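We name chains A, B, ... by the order of the sequence lines, and we start the count at 1 in each one. Hydrogens, waters and symmetry mates play no part in the numbers below; they use all other heavy atoms, side chains included. Worth saying up front: this structure is predicted, and the values here are computed from it rather than measured.
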Amino acid sequence: MDLDGDDNDNDIFRDDEDDPQAQLSLLENESSKEYVVYLVDASPKMFSTTCPAEEDDQNGETHFHIAISCISQTLESQIINRSYDQVAICFFNTREKNNLQDLNSVFVFNVPEREFLDRPTARLIKEFYQLEESFSKIIGSQHGIVSGTRENSLYNAIWAAQALLRKGSAKTVDKRILLFTNDDDPFGSIKGAVKSDMTRMTLQRAKDAQDLGISIELLPLSHPDEVFNVSQFYADLIGLEGDDLVDFMPSAGKKLEDMKDQLRKRMFTKRIVKRLKFMIVNGISIELNSYALIRPTVPGAITWLDSVTNHPLKIERTFICVDTGALVEEPTKRFLPYKNQNIIFSMKQLSEIKRVSTGHLHLLGFKPLSCLRDYYNLKPSTFLYPSDEGTDSSMCMFIALHRSMIQLNRFAVAFSGSSSRPQLVALIAQEEVIQSGGQIEPPGMHMIYLPYSDDIRFVEERYSDTSGMVNIASDDQIKKAANLIKRIDLKDFSVCQISNPALQRHYAVLQALALEEDDIPEMKDESLPDEEGLARPGVVRALEEFKTSVYGDNYDEENEPGTEKPTEASKKRKANAEFATKECENYDWGDLADTGKLKDLTVVELKYYLTAHNLPVSGKKEAIISRILTHMAK
Amino acid sequence: MARNKEALLLLLDVGPSMHPALSEIEKVCSMLVHKKLIYSKYDEVGIVLFGTEDTNNELTTEVGGYQHVVVLKNIKVVDGDIVEALQQLPRGTTDGDFLDAVIVGMDVLVKKFGVTNKGKKRVCLITNAQCQIKESDEGTKEEQVTTIAKQMTAHGIKMESIIMRGKLSQDANKGIMDENDRLLNIFSKETSTRLLYVENPISLFGALRTRNIALVTVFRGHLEISPKLSIKVMVYKKTTEEKFPSMKKYSDKAPPNDKFAKHEVKIDYEHKSSKDPDKVVPPDQRIKGYPYGPQIVPISSAEWEAVKFKPEKGVKLMGFTDSSNVFRHHYMKDVYVFLPEPGNTRAMIAVSAVARAMKEMNKVAIVRCVWRQGQANVVIGVLTPNLSDKENIPDSFYLNVLPFAEDVREFQFPSFTNFPASWQPNGQQLEAAANLIKTLDLAPHGQEEVLLPDFTPNPVLERFYRYLELKSKDPDVAVPPLDGTLKKITEPDTDLLLQNKSEIDSFCRSFELKGNPLKKSRRLLGGKRSFSNDEEVKGNITAQPANLTGNASVNVGKIGDLTPVQYFEALISRRDSPDWVVKAINEMKNKIFDLVEDSHEGDNYPKALECLVALRKGCILEQEPEQFNDFLKHLWNFCQEKNLPSFCEYLASKELTLISKTEAIDSENTDDKARKGFLVKSEPKVD
């Protein structure tokens, strides 16, 4: 059974995100699902190259390509994050049309077995990614705002998007229209009364959509030497007001790659994990929202299927009394043997034990940042940002503390009275970091969960039990090491540079299987060191100098003898390997494989082969046979 | 005999100067025994007190001397007796001589276990070490202590010391304390153990190691700097969340007096076909499916084994980078520690050289870790130097796991500088905030750091173990309130607040208590817009109970008159029952009729139109288009019959239309029909 049979602790220990308070908060106040319509301008202007004369490596980049890339990446992220959000992709200023209302110049892109607005599928991602090559043939590009006929493709596009988003209630779903365009004046070529009339109609259509709870967001694409002028038209369409306008303006001269990055970031919606009240002193508090900026992404949960029908199986769980064999309702009590008796706890009592504080965040004091050791960590941090449900004085207080903590190089120590695990936390003020015109780090505070004394192990002290003298490096050795460090430098390193190779492969395999393709594309493992870089002469020289200063002329780390004797476990392992090798010779493995008789052997017999060839012995018989066959094929 | 069992001897100073701390010492030592009773049942514990009024130890009778030392409990397997003894320590009357206690303790251990260095033997001394030690009969005190320490090592005995200072030792003689500290340091060095100073009760809980966890290597092998250079390392867990002890589900089916009953619950799982509920599918007919968006993709174990990601075991350096490129808040998980291979002097030097160079240059190392062969994923981590300041501990690295690109959610937040002026602190407010930060300093210069994680216990676990002990005596006892010492972890220190009252008051005055609610500006980057906030909803609901029955009262009428749109939106926003939607729609219809009927020369028309627009919006949102369409037609006919054509003209001029199919799927009107139907009705008027 792959299922975790021992779920004693499942009810007691949960992450913040599993906190019932947080979940209640989410259900009451925030949507947990999102419907997005990507409106992509497909006018001829979007297909012209962005900088024809400069930068050879970006010759082929068009604004249309950038928009397609952003959406593709977002769809893939959606799959990996296992989101239930639904998306639709809609082009306007198109030659062909495809939409519910049969509107001109609007083409809703879709693939079989899928509604216009639906969760992304493998086929959608694949065909959308390849769409650019066949776009002109299948969909085509054409100006859709014509004076004489009063055709208004932008009006039609918003109308079509509005129709797509009529699913569901505005109470439970966030509805968004993301508009990609590089034309800041869509009615610029129109003159006179017709222009103002079409402008007014379009703005009214946008306002109607917004009144229905749909937000319209603009993702402008601009040329390096030209500013996208939001004030020209779109400020009115998306409802920008004075202060917000400044925030929104993309700066001129922005690189294309950065523009793509910024567009992708803006497409995300912030999800509040939990609301917190931060108690400062004397009853004064600040309302905060917490966000999960960093969380491990794991492959989706396994669904067991019937291998014959491929239908999902239902899992039934029954509780059985060991003493009487009777069926039991889900037990509400736990017990623990202690001093020759069973101490019984009810769930209520266990919850009461954990209620050591209110659910708020209580400020205890401040410490220098140097007191925050590198080993004070247990799980991902949580980002805190002031809630817009506070007051201007609480916002003022937060900003004052935030700025002062940065200036004084202090962090706050607080107690978080979460009902799942009450916790001492460190609050670190994060200054806003902006690079290449984009926000790398948002301003706010990061809440880091501190370990208790029981959570910290004193490994270094225990280490000294097993060794004698301790050696410290000499100044010369340190200098050689410093030189080596300079040579193997990752400039501008960022955690966003490395994709998870296991995750990428997982989803590549699933996509290929879902589309019934024969080949699985080869994935590049970005987490491997740069072997070319390590082979450069400067690096090799620094390496040799360091090696000589520490190991002398006889570097032989592979055979360096440790003082430890072979452990009983390793002796046993070696004996098992020898025994398996001997037993292995009794079988003609090649013949057994060729005649398909491997499955007639027992698991123990099969494991002789695995042990003899130093292969893993885990897994079911089927997996073991597969491993043997794979190994023999080499 | 369990292989990892430990013999622990507690040496407790109960002299007069220790009395204020004895209640905490009782608690922390009891906690230690509680945990042994759960996790290490075969461990042995003994208790030796010194500074006592009387004397009771074998050395006194054998060789004389060693006064005021009592062997309270000789070493034996842990049981309830040890807990009882620790919870009622006698208060001593004499200044304690810890050296006498150490010698007596060693004597107890040697007599019990003989002259062998097998097994784990630990002495734990708790004292304030501020009392004079008697002069030695042979040589200096240092020489005597060194001799005793070497004998301890020969017998495999380790000695830990916890020295309580702070308020306890304000009046003590500094010279004596310094001498005692030097003596205790000899024990610590010779037996390779910790010497800890604690200044407050909370730290005492964290200082005494209450549980021994066997160290297991996560990885043992090469830290590969390049294919041509590797350093032999061992990797261990540095932090791991300590959880509640495992508890089993309890079954009360068996009779209470059945002394052989286990009262355990077993859990059975069955996989059943979703189409045939009675058919159980055996394991060999099951296959795994993984989600890909809305699809579940089946894949057999053999197929998965063939195509899945198979990284090669090893730890490889990817490169070095500035520490500013790795943010503290990117640390993802428990922390590991990288130590050079024991006994490998060159590995030790290599680690030391790289660690010290990294420290000097403010660099960190980025490494790729695959801990085990067959592991299905890769860990990207950051190595930070951990330089040792002790001569028996080598330099090492800490490893923190970093996120991958997929793990980072790059949300955008507004800059603080773009906020309106009333949200920005002025100079005086900034100064007040800075003063508060300096005032609530938990790590003042020259004093012990308060709430140091290494010494701060988990208040929940502490409370659990105490409750466990209470329950073992009285099964029906209630959960006790949180202990006063533990409360200092969950709440601000009241002493600290009182000492700095003026700065705190100044801070509070700087930020006015009743500020204005933040403007509910529309969010640019998505997010739901609410038609009213919760408080308005509550206000309206509580004010309208009489209206639920459909009977209008004077008060209800007034509120309705004042803000009918707000009222309508509040009602329609209630989610607990769909009846509210119907009530809200009907109420709004009545309101519109009243407004039109009671109008004089069209003065109510704008309000009526406002209500109509709100009703239209609400019907679209609630997917009730026919409610609005039928009502609008009815209203139109009503106005025609009642000779109120001016309202019809007013509606026509405002271009209010029926709800069309594109706006609500249930509507029967196409866009054209919605528009045309209205125009047709206005044509007869023209005629």
Side-chain angles (χ1 to χ4, degrees), chain A residues 119 163 265 269-270 297 300 303 305 307 313 316 318 320-324 331 333-336 352 357 365-367 374-375 377 381 391-393 395 397 400 404 415 442 446 452-454 459 464 466-467 470-471 473 477-478 481-482 485 490 493 496 500 502 505 510 527 534 550 563 616 626, chain B residues 206 226 236 238 242 247 249-251 253-254 261 264 266 268 270-271 287 289 291-292 294 297 302 309 319-321 325 329 331 335 342-343 348 350 352-354 356-357 368 374 377 384 392 394 398 404-406 410-411 413 422-423 425 433-434 437 440 442-443 458 479 490 511 515 526 662:
Chain A
R119 294 170 64 191
K265 290 181 181 181
T269 300
K270 300 192 280 285
T297 304
T303 301
L305 308 170
S307 63
L313 299 175
E316 282 190 7
T318 53
I320 297 171
C321 175
V322 167
D323 299 316
T324 66
K333 292 181 179 177
R334 306 293 167 95
F335 73 92
L336 176 67
E352 178 68 27
S357 171
F366 297 89
K367 292 185 183 181
D374 277 326
Y375 63 90
N377 207 75
S381 64
T391 63
D392 57 356
S393 64
M395 176 68 76
M397 201 183 311
S404 298
F415 193 81
H446 291 286
Y452 293 111
S453 56
D454 290 334
V459 181
S464 61
T466 61
S467 71
V470 165
N471 304 91
Q477 288 160 336
I478 296 171
I485 291 172
L490 301 171
F493 172 80
C496 298
N500 186 338
R505 177 140 187 97
L510 290 188
S527 62
L534 292 176
V550 173
T563 53
S626 168
Chain B
S226 89
Y236 298 90
K238 177 64 182 176
E242 177 86 352
M247 285 177 273
K249 295 181 193 297
Y250 180 80
S251 164
K253 295 295 185 182
E264 290 181 16
K266 184 178 66 174
D268 256 6
E270 284 180 331
H271 290 75
I287 195 172
Y292 189 93
V297 181
F309 182 63
F320 298 91
T321 190
N325 286 338
H329 57 268
Y331 293 0
V335 186
M348 236 177 270
S352 177
V354 175
R356 282 164 192 260
R368 173 194 196 260
N377 53 41
T384 48
N392 58 346
Y398 291 126
F404 287 102
E406 292 89 353
E410 300 171 275
F411 298 152
F413 290 82
S422 65
W423 300 7
I437 292 170
L440 298 182
L442 299 180
N458 185 339
V479 180
T490 64
F511 300 92
T662 56

Most chain B-contacting option - heavy-atom pairs closer than 4.5 Å, from A:Ser357, A:Ala502, A:Ala163, A:Pro442
A:Ala502

Ignoring hydrogens, what is the shortest heavy-atom contact between A:Met397 and B:Phe511? Give both atom names and the distance.
CA-CE2, 3.5 Å

Nearest heavy-atom neighbours spanning B:Pro291 and A:Gly300:
CG-CA, 3.6 Å

Tell me, please, which residues at least two apart from B:Ala443 pass side chain to side chain contact (heavy atoms under 4.5 Å, CB included).
A:Lys367, A:Pro368, A:Cys371, B:Asp441, B:Glu449

Nearest heavy-atom approach of B:Glu406 to A:Thr297 is O-OG1, 3.0 Å

What pairs with A:Asp374 under side-chain hydrogen bond (donor to acceptor under 3.5 Å, both in side chains), at least two apart in sequence or on another chain?
B:Tyr331, B:Thr384

Heavy atoms only, distances under 4.5 angstrom: which of B:Ser251, B:Ser352, B:Gly374 has the most pairs with chain A? Name it, please.
B:Ser352

Option that, when pairs with chain A are counted at under 4.5 Å, heavy atom only, ranks first among B:Ser226, B:Ala254, B:Ala357, B:Gly289
B:Gly289

What part of A:Ile485 lies closer than 4.5 angstrom to a heavy atom of chain B: side chain, backbone, both or neither?
both

Using a cut-off of under 4.5 Å for heavy-atom pairs, which of B:Asn377, B:Thr321, B:Leu442 has the most such pairs with chain A?
B:Leu442

Looking only at heavy atoms, what is the nearest atom pair of B:Gly206 and A:Ser453, with distance?
CA-OG, 3.4 Å

Chain B: which of A:Leu534, A:Asn500, A:Leu336 shares the most heavy-atom pairs with it under 4.5 Å?
A:Asn500

Of the non-hydrogen atoms in A:Ser381 and B:His329, which two are nearest, and what is the gap between them?
OG-O, 2.8 Å

Atom CG in B:Asp268, atom OG1 in A:Thr318: separation rounded to 0.5 Å?
4.5 Å

Answer key: most heavy-atom pairs under 4.5 Å with chain A among B:Phe320, B:Tyr398, B:Tyr250 is B:Phe320

Do A:Lys333 and B:Lys249 come close enough that some side-chain heavy atom pair is under 4.5 Å?
no

Leading residue by heavy atom contact count with chain B [cutoff under 4.5 Å; candidates A:Asp454, A:Asn377, A:Ile478, A:Leu510]
A:Asn377

If we define contacts as heavy-atom pairs under 4.5 Å, which of A:Thr303, A:Leu313, A:Leu490, A:Val322 has the most with chain B?
A:Leu490

State whether the side chain of A:Ser307 and the backbone N or O of B:Ile287 hold a donor-acceptor pair below 3.5 Å, judged by distance alone.
no

Taking all non-hydrogen atoms of both residues, which atom of B:Ile437 and which atom of A:Phe366 are closest, and how far apart?
CA-CD1, 3.6 Å

